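Structure record follows, encoded as structure tokens.
Quick caveat: nothing in here was measured; it's all calculated off a predicted structure.
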Amino acid sequence: NTADILSPQFSKEGDYLSFVSTEHDVKGDLYILSLTTGEGKRLTGREAADGAPSFGPDGRLYFHRRLPGDASYKLAFIDLKSIKKHPKVVDLKEKGMMPSLHPQERQLLFVQAGNLFWKDLRSDELKQLTSGLMIDLNPTWSADGSAIYFSRIEMDTNKNKRFDYNDRAVIHRLSWPVVGDSLVLTNPSYSALNPHHRNNQLFYLSDGGGKSELWQLPEQGYFPVWVDQNQAQQSLLKMDAYQDPYMAILLLEKAVDQFSDNADFKAELLWRLANRYRLLGHTQSALSRWQRCRLPNTKNVWIQLCHID
């Protein structure tokens, strides 16, 4: 069998597995497999390109699809109660890709035009969570719904003067409800995609070993949480000892995230972080950090340096 199997997703209870296969349709169809009986079923047909299944707590399987003539993907769902008879696809009439359902609430994450969006499926309230030149993809909720993990392309790693899907992605974590900025968790030296959070661990696909493989990282990233600012300062003094310059960047990103309530210290960290990005040739990443440390009504020297640069 030469068909591709893509985007496997387990239900919360672990009794079902959904995935995309090209066996019946090269564009991709949704399948579901009962892990208790071993019985499998194709849920969609050749009428559309289907992908990115995500189980919801409401007994529905959400996914994206694109019909012939459509310029973009739209979100849809199948009520799993209907699969024993004839699966019925319900169109949400919302443009978007890569849906992810909150583990307890009827809240939906998805990607539209490279940005993250959130939608309350009860009230239809819609919020845009990210914006900018970067490309965000593969959003997923943490196991308890308190954070959002996603992949982001914000560095021109193939040096073609634009961001595209050939550039390396890194995984970010964003607190929920959203407070502050997202935290970079993975090393930009390699690509990191399709994050999944389980048992205080982050699982993702990476080419860091030369081919795409499953990797694992503690949910807090490479570095543990510091006891206080003094302990963080001691770690920062040693960051030039890393042979990989991106490890110093991850250390600074971690400190910015943990000490975000200390405006002066945060400004200093962001200025240092911006210069690290600039020296590595990642201008857009440097600019975004400089902009974040430009706080009003302060005489802090680091914030003044941000304005000068």
- Query: Angle class for the Y62/F77 ring planes (parallel below 30°, perpendicular above 60°, tilted otherwise)?
  - Reply: tilted

- Anything under 30° is parallel, anything over 60° is perpendicular, the rest tilted; go ahead and classify W215 against Y204. tilted

In Å, rounded to the nearest 0.5 Å, how long is the span from [atom1] of [X] to [atom2] of [Y]?
X	Y	atom1	atom2	result
L30	T44	CG	OG1	4.5 Å
F55	K12	CZ	NZ	13.5 Å
L137	M98	CG	CE	5.0 Å
Q9	S18	CD	OG	8.0 Å
S288	L270	OG	CG	9.0 Å
I78	R60	CD1	CZ	12.0 Å

- Query: Using 4.0 Å as the upper bound for N to carboxylate O, is an ion pair formed by K81 and D79?
  - Reply: no

- Between D91 and K93, is the closest basic N to carboxylate O distance under 4.0 Å? no

Grab the two heavy atoms, one from [X] and one from [Y], that are nearest each other, plus how far apart they are.
X	Y	value
L202	P195	CD1-CB, 3.9 Å
A48	L67	CB-CD2, 3.5 Å
M239	L252	SD-CG, 3.9 Å
S191	S206	O-OG, 2.9 Å
P139	S100	O-CB, 3.3 Å
A76	V89	CB-CG1, 3.9 Å

When you measure from the side chain of [X] to the backbone of [Y], do you find a donor-acceptor pair of N or O atoms at a distance under 3.5 Å?
X	Y	answer
N199	Q201	no
S34	Y16	no
H196	F203	no
T22	D4	yes

Say whether [X] and [Y] are linked into one hydrophobic cluster, either directly or through other cluster members, by side-chain heavy-atom distances under 4.5 angstrom.
X	Y	result
L183	L273	yes
V20	V26	no
F63	V90	no
Y222	M155	yes
L185	L129	no

When you compare the side chain of [Y] with that of [X], does any pair of heavy atoms fall below 4.5 Å?
X	Y	result
R276	L280	no
D156	T283	no
I135	D167	no
F223	S235	no
D164	N158	yes
F259	K266	no
Q284	F163	yes
Q220	K254	yes

- Query: Taking it one step at a time, do D244 and S189 satisfy side-chain contact (heavy atoms from CB on, under 4.5 Å)?
  - Reply: CA-CA 8 Å; D244 182 350; S189 298; 3.2 Å; yes

- Note on the structure: Applied to residues 133-144, the side-chain hydrogen bond (donor to acceptor under 3.5 Å, both in side chains) test, sequence neighbours excluded, yields T130-D136, D136-R152, S142-D144, D144-S146

- Start with the C-alpha gap between L269 and F265, add the side-chain angles, then the distance that decides, and say whether side-chain contact (heavy atoms from CB on, under 4.5 Å) holds. CA-CA 6 Å; L269 293 168; F265 188 41; 3.7 Å; yes

- Note: with side-chain heavy atoms under 4.5 Å as the link, the other cluster members for F19 come out as I5, F10, L17, Y31, L33, L35

- Quick note, salt bridge (Lys or Arg N to Asp or Glu O under 4.0 Å) partners involving residues 63-73, not counting sequence neighbours, are E47-R65, D50-R65

- Side chains of N275 and R272: is there a donor and an acceptor less than 3.5 Å apart? no

- Message: With a 6.0 Å cut-off (strictly less than), is the heavy-atom count around NZ of K159, excluding the residue itself, greater than 12?
- Response: yes

- Task: Please say whether more than 12 non-hydrogen atoms of neighbouring residues, nucleotides or ligands are located less than 6.0 Å from CD in E39.
- Result: no

- Derivation and outcome, side-chain contact (heavy atoms from CB on, under 4.5 Å), residues V184 and I249: CA-CA 9 Å; V184 182; I249 279 180; 6.0 Å; no

- D257 and E253: CA distance, side-chain angles, deciding distance, side-chain contact (heavy atoms from CB on, under 4.5 Å) verdict: CA-CA 6 Å; D257 181 73; E253 292 275 15; over 6 Å; no

Would you give me the side-chain donor-acceptor pairs under 3.5 Å for residues 173-181, sequence neighbours excluded?
{"residue": "R173", "atom": "NH1", "partner": "E219", "partner atom": "O", "Å": "2.9"}
{"residue": "S175", "atom": "OG", "partner": "V179", "partner atom": "N", "Å": "3.3"}
{"residue": "S175", "atom": "OG", "partner": "V179", "partner atom": "O", "Å": "3.3"}
{"residue": "D181", "atom": "OD2", "partner": "R292", "partner atom": "NE", "Å": "3.1"}

Atom pairs and distances, donor-acceptor, side-chain atoms in residues 101-116, under 3.5 Å, two or more places apart:
{"residue": "H102", "atom": "ND1", "partner": "Q104", "partner atom": "N", "Å": "3.0"}
{"residue": "H102", "atom": "ND1", "partner": "E105", "partner atom": "N", "Å": "3.0"}
{"residue": "H102", "atom": "NE2", "partner": "G145", "partner atom": "O", "Å": "3.4"}
{"residue": "R106", "atom": "NE", "partner": "D58", "partner atom": "OD2", "Å": "3.3"}
{"residue": "Q107", "atom": "OE1", "partner": "W118", "partner atom": "NE1", "Å": "3.2"}
{"residue": "Q112", "atom": "NE2", "partner": "K95", "partner atom": "O", "Å": "2.7"}

- Item | Reference residue E154; test salt bridge (charged side-chain N to carboxylate O under 4.0 Å, His left out); the match among R168, R162, R289 | R289

- Item | side-chain hydrogen bond (donor to acceptor under 3.5 Å, both in side chains) partners of S11, counting only residues at least two apart | D15

